[in-house]
Amino acid sequence: MRQPRSVAVRLIGAVAAGALAAGMAAGCSGQNQVPSIGYAVDAVIASYNGGSTLGASSGSAAVFQRVLTGFFYTGPDGQQVADTDFGTAKEVPGESQTIQYRLNPDGVYSDGVPTSCDDLVLTWAAHSGRFTKPDGGSLFDAADTAGYADIERVECQPGSKDATVVFRPDRRFGPWRELFTAGEVMPAHVAARVANVPNVVSAVQSGDLGAVQRLADFWNTGWTIGAEKLDLSRFPSSGPYRIESFSPKDGLVLIANERWWGNKAETGRIVVFDKTADLKSKVSDNAVSVVDVGANSVQDLDLGGFSAKTVPGRGAEQLVLATGGVFGSVEARRAFALCVPRQALFDTLGKAADVPTTGLGAGPLNSRTTQQDSLFYGATTGAAERYRGGDVSAATATLASARAANPTIRIGYLAPDERRAKTVRMIAEACKPAGIAVVDAGAPDFRPGQLAEGRVDAVLASTAGAPGPAGSLTGVAATSALRTGNGLNFGRFGNGRYDAITDQLAADDNSAAQLGLLTEAENLLWSEMPSIPLFATPRTIAFGDGLRNGVAGPTQGGTGWNMDRWVLRR
């Protein structure tokens with residue numbers, strides 16, 4: 001029997017391990033339901049398209065999971081959960097790995113156009129990497145190609161509710177539930193209309209590069225959200241909420257989608273305030289009842305009147321390093337890693353309120369790709385021991401071998417962020433004796449792409465360059481962020497062996513093989529040093545008095561993962 005997503009949401013909310021949850025009980029007599037709820041989150045509302053580099057790195061999944069649905073969504077513990085309101089997906093026998101997708105027959109966008117396999121074909125085309133420019137780069141600015149690049153074809157009759165995805169005979173993708181997920185299945189009919197492409201499926205299947213180029217031009221920028229007024233005809237919803245309006249001052253206003261075929265949203269209006277808003281003022285003015293921000297990132301944030309807790313997140317707080325300029329040599333990157341005080345940073349800035357003795361958040365993060373509560377973590381991270389940090393003599397000697405005297409390192413991050421500003425100050429103090437000058441390059445308009453542009457030498461952010469909610473159990477975004485040519489690879493790191501390891505990890509679920517591959521990957525990464533992991537990003541998540549059904553989500557999906565179940569009574 002098909003279990004509706006709304007039932008699954010309630011079950012997950014009831015059993016989410018270690019999660020901070022607002023009361024599930026009905027409101028007391030005499031209390032009235034508030035018609036609008038404010039949600040403060042330190043993601044950035046920059047793109048509707050969560051599959052694009054801009055969307056993924058700004059954290060759009062934490063905002064739009066209940067606006068743009070998919071076959072799976074990221075749950076509160078970082079797991080992929082089936083969303084049967086959108087459709088069903090199952091692996092079926094075949095010579096090649098084959099996944100059968102069936103969209104809900106009742107599924108329809110808020111503009112009245114039915115969801116269809118055309119949407120899946122466009123998603124695959126954008127992430128497949130097979131449509132390229134003359135210089136070899138992809139036409140689509142996709143965040144990653146993981147899994148999608150292994151697909152040989154998507155069988156789809158235009159307008160159909162059914163699709164069959166067939167992988168290449170020599171490839172297998174174990175975490176296939178990471179494909180066609182909430183936030184990245186975009187409305188193909190909008191792209192087709194604006195790009196003047198009569199049939200998306202035919203254009204992709206026939207390889208019509210002219211048509212695909214026009215689709216890519218729209219896919220890359222047509223769903224960008226900025227200061228200008230939105231053309232709402234481009235932003236239809238496939239979830240319980242749809243966009244009513246957006247402005248930097250008034251936030252993103254989401255209202256119940258009248259055409260939603262699942263259980264109606266409990267509250268008719270959600271207003272999302274992102275990191276660019278004055279979140280401190282929004283809280284003090286009682287404009288928000290749900291807060292999901294990095295711990296100690298908002299200075300003097302008063303959460304009186306909230307049930308608040310700081311928990312370790314699935315995102316990896318890290319420094320992503322350039323592989324050119326001052327960091328053009330691996331010795332320069334190693335020297336910097338030797339002086340970065342990883343243990344002291346964790347002790348001072350990285351601990352959650354209740355520090356576990358083992359598992360997630362128990363100490364400095366020693367892996368870029370494996371979660372601390374994974375059975376593989378301890379056995380695969382031995383190479384990190386040399387880099388506990390603050391080793392001035394080793395940093396000085398390594399810097400000398402790099403022939404890079406007195407380098408200056410510009411660390412960029414999205415400001416204001418009090419914790420990250422303190423992080424930069426601590427790094428500067430620790431590295432100064434080694435002859436390394438560290439400059440705070442945080443800015444309100446910072447984007448991780450500035451690393452590739454040479455405007456900074458390192459990015460301080462969470463997994464995939466996101467400023468706020470990030471990370472998942474499978475870690476696909478973390479792995480993709482270091483894969484050659486991927487959009488999330490802002491440092492432009494490239495290593496053929498690492499790419500091959502990630503392919504093997506996705507295909508082979510044998511535990512012994514996984515252990516060997518993960519160990520090799522971490523040894524390689526600690527040697528090549530494309531990034532420096534610091535700690536599991538601590539998240540402060542708070543629910544205002546009277547907020548019901550809130551469940552903390554310290555992952556890429558954010559605490560808004562079940563916003564359609566929120567109720568506020570006062």
Side-chain angles (χ1 to χ4, degrees), residues 49-57 70-72 80 89 91 94-99 101 117 119-156 163-181 183-186 188 200-201 203-207 209 212-213 215-216 219-220 369 463-464 472 474-490 492-509 517 521:
N49 184 357
S52 68
T53 297
L54 177 60
S57 64
F71 289 99
F72 299 89
Q80 289 302 105
E91 197 167 14
E95 291 186 10
S96 300
Q97 184 181 17
T98 302
I99 315 296
Y101 293 91
C117 62
D119 304 325
L120 308 191
V121 169
L122 177 61
T123 302
W124 168 59
H127 290 268
S128 67
R130 65 175 57 193
F131 297 102
T132 59
K133 304 173 186 176
D135 64 4
S138 176
L139 291 179
F140 293 88
D141 184 21
D144 66 79
T145 61
Y148 291 105
D150 299 326
I151 294 172
E152 181 176 83
R153 66 185 184 276
V154 177
E155 297 173 358
C156 161
T164 301
V165 169
V166 182
F167 287 76
R168 296 190 321 217
D170 59 334
R171 305 308 282 266
R172 184 177 184 278
F173 189 63
W176 59 268
R177 292 170 181 80
E178 291 278 353
L179 306 176
F180 307 110
T181 57
E184 69 176 23
V185 178
M186 304 304 296
V200 169
V201 175
V204 171
Q205 291 179 344
S206 67
L209 287 182
V212 173
Q213 173 73 73
L215 288 170
W219 193 91
N220 292 340
T369 59
T463 300
S472 68
T474 57
V476 169
T479 303
S480 297
L482 293 172
R483 188 178 176 86
T484 305
N486 267 355
L488 294 175
N489 187 350
F490 297 110
R492 298 297 185 260
F493 174 67
N495 184 286
R497 180 54 191 156
Y498 175 79
D499 297 345
I501 290 172
T502 61
D503 288 344
Q504 288 176 269
L505 283 168
D508 192 343
D509 57 6
L517 291 166

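We use all heavy atoms of the structure for the numbers below, so side chains are in, but hydrogens, waters and symmetry mates are not.
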Gap between atom [atom2] of [Y] and atom [atom1] of [X] - 0.5 Å precision:
{"X": "L122", "Y": "F140", "atom1": "CG", "atom2": "CZ", "answer": "6.0 Å"}
{"X": "Q213", "Y": "L215", "atom1": "CD", "atom2": "CG", "answer": "9.5 Å"}
{"X": "I99", "Y": "T164", "atom1": "CD1", "atom2": "OG1", "answer": "10.0 Å"}
{"X": "F71", "Y": "Q80", "atom1": "CZ", "atom2": "CD", "answer": "13.5 Å"}
{"X": "N486", "Y": "S138", "atom1": "CG", "atom2": "OG", "answer": "10.0 Å"}
{"X": "L505", "Y": "L517", "atom1": "CG", "atom2": "CG", "answer": "4.5 Å"}

Give the minimum heavy-atom separation between [X] and [Y], together with the two atoms involved.
{"X": "G207", "Y": "F131", "value": "CA-CE2, 4.3 Å"}
{"X": "A142", "Y": "T53", "value": "O-OG1, 3.3 Å"}
{"X": "A481", "Y": "A464", "value": "CB-CA, 4.4 Å"}

Short side-chain to backbone donor-acceptor contact, [X] and [Y], under 3.5 Å:
{"X": "N220", "Y": "D141", "value": "yes"}
{"X": "N49", "Y": "G55", "value": "no"}
{"X": "D135", "Y": "G137", "value": "yes"}
{"X": "D509", "Y": "G174", "value": "no"}
{"X": "R168", "Y": "E152", "value": "no"}
{"X": "S480", "Y": "A477", "value": "no"}
{"X": "E184", "Y": "T123", "value": "no"}
{"X": "Y498", "Y": "T479", "value": "yes"}

- Test side chain to side chain contact (heavy atoms under 4.5 Å, CB included) on R130 and Y148 and set out the steps. CA-CA 10 Å; R130 65 175 57 193; Y148 291 105; over 6 Å; no

Is there side-chain contact between [X] and [Y], with heavy atoms separated by less than 4.5 Å?
{"X": "E91", "Y": "Q97", "value": "yes"}
{"X": "V165", "Y": "F180", "value": "yes"}
{"X": "D503", "Y": "R483", "value": "yes"}
{"X": "V212", "Y": "L139", "value": "yes"}
{"X": "V154", "Y": "Y101", "value": "no"}
{"X": "E178", "Y": "S472", "value": "yes"}
{"X": "L179", "Y": "H127", "value": "no"}
{"X": "E155", "Y": "V166", "value": "yes"}

- Message: Can you tell me how the ring of F167 sits relative to the ring of F173, calling it parallel under 30°, perpendicular over 60° and tilted otherwise?
- Response: parallel

- Residues in side-chain hydrogen bond (donor to acceptor under 3.5 Å, both in side chains) with D119, at least two apart? Y109

- Query: With Q205, which residues qualify under side-chain hydrogen bond (donor to acceptor under 3.5 Å, both in side chains), at least two apart?
  - Reply: none

